[in-house]
Amino acid sequence: MITFDHTTKTYEGGVTAVNGVDFTVEKGNIVVLLGPSGCGKTTLLRMVNRLETISDGSITIDGEDSMSLDQIALRRKIGYVIQSNGLFPNMTIEENVMIVPDLLGWKKKEKRERFNKLMEMIGLSGEKFGKRYPHELSGGQQQRIGVIRALAADPPVMLMDEPFGALDPIIREKIQDEFLQIQREVKKTILFVSHDIDEAIKMADKIVLLRGGEVMQYDTPSEMLVRPKNEFVREFFGKDRAIKSLSLHTIKTLQEVIGLANIDDTIEDTITIHVRHDLRNTLSMLLNQEADQVVVVDDDDNRLGAITIDLVQKYLHFEIKAKPTLVQKG
Amino acid sequence: MDKWMKFLEVNAPRIFDLAIEHTILVGLAILVALMIGVPLGIYLTTNDYLAETVLQIASVMLTIPSIALFGIMIPVFSIINQGIGFVPAFVALVLYSQLPIIRNTYTAIKNVSPEMRDAAKGLGMKTSQRLLRVEIPNAFPIIMAGIRTAVVLNIGIGVIAAYIGAGGLGVLITQGISRGDNYLIISGSIAVAILAMIADGILLFIQKRYTPKSIAN
């Protein structure tokens, strides 16, 4: 758990980068710091592991004031992932990943075991990649290595500074999914900086939207999309925020809430879609007019019903107007 | 050609001895220069104001004509009765090699990417660990380039040391000039050039051998 209490950062010369920020990252949650460039999100992140000093207020990690801890010991207890070039080119992949365990004085055998386990998590062979150097890996693989390096000594807290920002969209999405999968297993308390709204909606349990070093809104992604607190939040998420919010819901939730349409067996031009597909992609598919009927199937290929644009719209109306949000992810 | 063979037959052992003397003088000067220059270069990366001053002083040192610098050493070291010979030559060579060593070390460490430095700090490395594990290994090729420049420079300038009685291959050249003996001048010059190439070759080998593969290109 990370608690920000009136946390403030003022640079020499009086520029305030972070101004009186108050919020708590619950244990095992991902909180995304989101906002336009210069909003102080990276500064705020870097204050947690004291790469930036705290001018006023405090940051508490699992009940301990971060200023009361030794700076080096504090950083070794916090996983840290940055956008690019964070891997050391003079070290092999195994040496890179095992830096923190090495600094903490783990035994050779423990390190080897841990390395292989971490590599398994990201679907790479420790045997095959361990002795290679970072430049021999693709951008996506390097970023995965960056993530497991932060996880190496099993820190309770992780800081991620636009970790997937330098990747192309297809790889990025894949690694995001993979990371969420890992997170379900390891349940770290994560602070995640992003400037990408879609990424924030996808990754976050809660979003902190910042502007000029101040918190504009701290809420779940769906609350923020459906009930923006002020004009800035409304504008930031854009006119298509209703569509964006659809990515938080799956066909399954729609089925549970309003049910699916009946399948018309007379229509020949039919395609199928999996029930766990999110509604945003489903809507895009419907708008593409790829077929006259879209049939929803489950894991065993059972045909559950048909989905239409009308149904999605009805569901959206129900979500926004009729009832408090239900959060559904994955 | 016959004359050359005869000349070498008589003088080869002497040339060899002088080359050893030259190597010892330059080698010791470089060792001491490294012990001063590399740590100083690293320290300067933490103090920009001082860096500018020190680099300027080192630059000025290199603009002093070598024969003048050796000349200055004579009265200075006369105070401790070491006015001529090994000591003043050694000190002059140490001073001469400071600029390439300090400047390359400073630049190399400064050029380590900020992301890499940031990651090292963020992972909880102490300053010394960051230097030894990340910054110096990644700066190594540029630091080595500076050392190679210094070595070649010193082998050349070491010739002048003969004028203040420090021996070395310069002896052949100075004698050759005063006696009008071209064989001495040419053999001395070629020996210096070969020595410089051998030293540079060895250092280049070390540089390649210990440069992390992934930063070599």
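Just so you know, these numbers use all the heavy atoms, side chains as well, and skip hydrogens, waters and symmetry mates. Treat the numbers as computed from the prediction; the structure is a model and nothing was measured. We name chains A, B, ... by the order of the sequence lines, and we start the count at 1 in each one.
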Answer yes or no: are there more than 12 heavy-atom neighbours, outside E136(A) itself, under 6.0 Å from its atom CD? yes
If you define the side chain from C-beta out and look only at heavy atoms, does anything of N49(A) sit under 4.5 Å from K121(B)? no
For E110(A), does the CD atom sit with more than 12 other heavy atoms under 6.0 Å from it, leaving out its own atoms? yes
Crowded around R112(A) CZ? As in, over 12 foreign heavy atoms under 6.0 Å? no
Side chain, backbone, both or neither: which part of L51(A) has a non-hydrogen atom closer than 4.5 Å to chain B? side chain
Less than 3.5 Å apart, which donor and acceptor atoms pair up between the side chains of residues 187-198 of chain B and the rest of the protein, not counting sequence neighbours?
unit_1  : atom_1 : unit_2  : atom_2 : d
S187(B) : OG     : Y183(B) : O      : 2.8
S187(B) : OG     : L184(B) : O      : 3.1
S189(B) : OG     : I185(B) : O      : 2.7

Top of M125(B), Q129(B), K126(B), R133(B) for chain A proximity - count of heavy-atom pairs under 4.5 angstrom: R133(B)
List the atom of A119(B), the atom of I82(A), and the distance in Å for their closest heavy-atom pair. CB-CD1, 4.1 Å
Is the backbone of L123(B) close enough, under 3.5 Å, to the side chain of R75(A) for a donor and an acceptor to pair up by distance? no
Can you confirm whether more than 12 heavy atoms, excluding those of L103(A), are under 6.0 Å from its CG atom? yes
Contacting region of N90(A) [heavy-atom separation from chain B under 4.5 Å]: both
Sequence neighbours left out, cut at 3.5 Å: what donor-acceptor pairs do the side chains of residues 54-63 of chain B make with other protein atoms?
unit_1 : atom_1 : unit_2 : atom_2 : d
S59(B) : OG     : L55(B) : O      : 2.8
T63(B) : OG1    : V60(B) : O      : 2.6

When the 4.5 angstrom heavy-atom criterion is applied to R50(A) and chain B, the contacting part is neither
Can you tell me how far the CG atom of N138(B) sits from the CE atom of M91(A), to the nearest 0.5 Å? 8.0 Å
Are the side chains of M116(B) and L87(A) in touch, meaning some heavy atoms are under 4.5 Å apart? no
